Protein chains: 2
Amino acid sequence: MRAVTMYGPGDVRAERCDDAKILRPTDAVVRTVATCVCGSDLWPYRGADPVTEPVRMGHEYVGVVEEVGPDVAAIRPGQFVVGSFCIADNTCANCRNGWQSSCRQLDFMNACQAEYIRVPYADGMLVATDGHPDASLVPSLLAVSDVMGTGWYAAVAAEVRPGSTVVVVGDGAVGLCGVIAAKELGAERIIAMSRNETRQELALHFGATDIIAERGDDGVAGVQELTGGIGADSVLECVGTDESMEQAVRSARPGGNVGFVGVPHDVALASHELFFSQVGLRGGPAPVRRFLPDLIDRVLTGRIDPGKVFDLELPLEKAAEAYRAMYERRAVKVLLQP
Amino acid sequence: MRAVTMYGPGDVRAERCDDAKILRPTDAVVRTVATCVCGSDLWPYRGADPVTEPVRMGHEYVGVVEEVGPDVAAIRPGQFVVGSFCIADNTCANCRNGWQSSCRQLDFMNACQAEYIRVPYADGMLVATDGHPDASLVPSLLAVSDVMGTGWYAAVAAEVRPGSTVVVVGDGAVGLCGVIAAKELGAERIIAMSRNETRQELALHFGATDIIAERGDDGVAGVQELTGGIGADSVLECVGTDESMEQAVRSARPGGNVGFVGVPHDVALASHELFFSQVGLRGGPAPVRRFLPDLIDRVLTGRIDPGKVFDLELPLEKAAEAYRAMYERRAVKVLLQP
């Protein structure tokens, strides 16, 4: 089969390799119908995360079950399935609490930018749709497996409620999906921070009511001006830099909440400022599995269309170009066709 | 009148000074019935916070209204009142949201270790009881003005719910009141971290179900052992050191919450660890005013007896001895009789 490997910063190749196969009795092998490049894949691509050996890339996928191990009971070959980027058994105490991204078996999916993938704990990981969805819905279902699930978690962690005023920091695919989540959870005002015209338009399409192009002190001042000098009820931090985190905390009102889903890269949390801000903070890899049934339903019923974050589609063998387009910010997110 | 001044680390004096008086039309002057020394007063006493000039001490008080300014409408001379250590008008947007400790007029009470005190924004600050309470209830009402209100906030910020498993880090007056709060909010299991026998007994009296004397890795291991390796739903951080904060975050389960009410002193929050812990964090000076009516009611009806944290009572003129007793950990908290 064909799969994508990163050899070093800027060096991504789609190559032939051995087929994915069942290794443990709870595994499934899924033939991917669509996969994609994640913003987090760009950290090593940029050299911000080290690449010490060639690594198989990708953790987002939808597809059709090809084969299951002998201990898989709920998932059957032929089903169209959506899964999460976190490997979780969905049975441990943390999973039962809804924190599958802290499963006691936790690991992270990889090697999903490929024609076939191995999914551990298939019964816990995969959610099957009724029948095979229309091809037009595939991008949105693919988005659910990570960016939409992560944007949703950011909004839940930031405790967005009906009537909330929400700020979204970050105009990548996760931030844009955060706008969708805020709207679905009933936010009245959604302020998207973006200085990119295409992304601003997408944010407005998804439900943003205001755009702030400024950053830093000016960005905070903009939020304060729109919120009567108080700050927002909820802030979704969808970047993971020190600057974006500071922006997020300073944009929230006292007693408000920041949900942070950008993996922190050199983020220094100022404990004294956080204390006196009285802002609640919760972050982490999204427990997407908790949200999958609901989000799949919202896609299938046409309530949400997060697939719009894919503004470029390329065949899997053009993975190198896909990475380059995202790195150069020519594309928000690239869908790869196996 | 007599009042307490700190001249430098270890140097506290009760001296004669000018009487408190009305300065602004919204002020009240209150004759204190009881006041006390706070754990936070020990930071400058120890030299951990700088003392650059003589400073009038104390921010906890109950008393009888002596005089009110012309714009005070709800509070009348002769009433017995309880107030908070935060100065707040209780009318701004943050106050209306329940975050009086982030009032747009925020300042902190001082000079309350005195026979008379000036209370700004008297209508917003003070809650009057029906008639004058029995002398036996005065210590508990005094506790409500800070340590009980702060322990309560820690439990609310840590989202303690009926059935919760709770860890309380810190066995000072606030931590002990946190045990009371956790019990009142329905916690099923309350693990108090303390290596002091007297404080352990008080924690058990207040409702703790388990005591852990160890700290650091051993303390975390103890919590993990008691919680099936998952961690606690809620952790109340009532100290404010780097060690106690780390203890708190590591004691919470994924998706659990830490309420931190110890003013952070050189606390480094590890953003990467916090992210992957998926623990929610909220801290700050307690919005005691939000809780005052409820907590006063719980004291007057005999549901809670936080006054038990006062294990030493001294006349105001012996303030120096009061500070020393707390500094040497011979007393949990000292009540001063004006």
Side-chain angles (χ1 to χ4, degrees), chain A residues 86 88 92-104 106 153 156-159 227-231 233 237 240-242 245 249 252-287 290, chain B residues 86 92-104 106 108 153 156-159 227-231 233 237 240-242 245 249 252-287 290:
Chain A
C86 287
C92 80
N94 289 331
C95 286
R96 290 197 308 274
N97 283 333
W99 297 92
Q100 291 92 345
S101 45
S102 287
C103 175
R104 303 190 81 175
L106 182 69
Y153 173 56
V156 168
E159 300 188 11
T227 58
I230 297 299
D233 300 310
E237 195 290 314
T241 64
D242 196 47
M245 187 61 117
V249 172
R253 70 164 170 83
N257 291 279
V258 170
F260 66 114
V261 295
V263 181
H265 283 72
D266 299 319
V267 172
L269 288 170
S271 58
H272 210 261
E273 284 70 15
L274 187 64
F275 182 83
F276 285 101
S277 76
Q278 306 206 287
V279 169
L281 203 60
R282 188 192 303 283
R290 191 203 313 172
Chain B
C86 287
C92 80
N94 289 331
C95 286
R96 290 198 308 275
N97 283 335
W99 296 92
Q100 292 91 345
S101 45
S102 287
C103 175
R104 304 190 79 174
L106 182 70
F108 292 96
Y153 173 54
V156 169
E159 300 188 11
T227 58
I230 297 298
D233 300 309
E237 194 290 315
T241 63
D242 196 47
M245 187 61 117
V249 172
R253 68 164 171 84
N257 291 279
V258 171
F260 66 114
V261 294
V263 181
H265 283 73
D266 300 318
V267 172
L269 287 171
S271 59
H272 210 260
E273 283 71 14
L274 186 64
F275 182 84
F276 285 99
S277 75
Q278 306 205 287
V279 168
L281 203 60
R282 187 192 304 282
R290 191 205 311 174

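Note that the coordinates shown come from a computational prediction; the quantities given were computed from them, not determined experimentally.
Closest of all the heavy-atom pairs between A:Val267 and B:Ser271 is O-OG, 2.7 Å.
Of the possible donor and acceptor atoms, one in the side chain of A:Gln278 sits under 3.5 Å from a partner among the backbone N and O of B:Pro285.
The part of B:Glu159 that comes within reach of chain A is its side chain, from C-beta onward, which places non-hydrogen atoms under 4.5 angstrom from that chain.
The CG atom of A:Leu281 lies 6.0 Å from the CG atom of B:Leu274; values are rounded to the nearest 0.5 Å. Distance SG/B:Cys92 to CD1/A:Ile230: 6.0 Å, rounded to 0.5 Å. With rounding to the nearest 0.5 angstrom, the NE2 atom of A:His272 is 9.5 Å from the CG atom of B:Asp266.
Ranked by heavy-atom pairs under 4.5 Å with chain B, the list A:Gly259, A:Gly262, A:Gly98 is led by A:Gly262. Of the residues considered (B:Gly280, B:Gly255, B:Ser102), B:Gly255 shows the highest number of contacts with chain A, using heavy-atom pairs under 4.5 Å. Of the listed residues (A:Val263, A:Leu106, A:Val279), the one with the most heavy-atom contacts under 4.5 Å to chain B is A:Val263.
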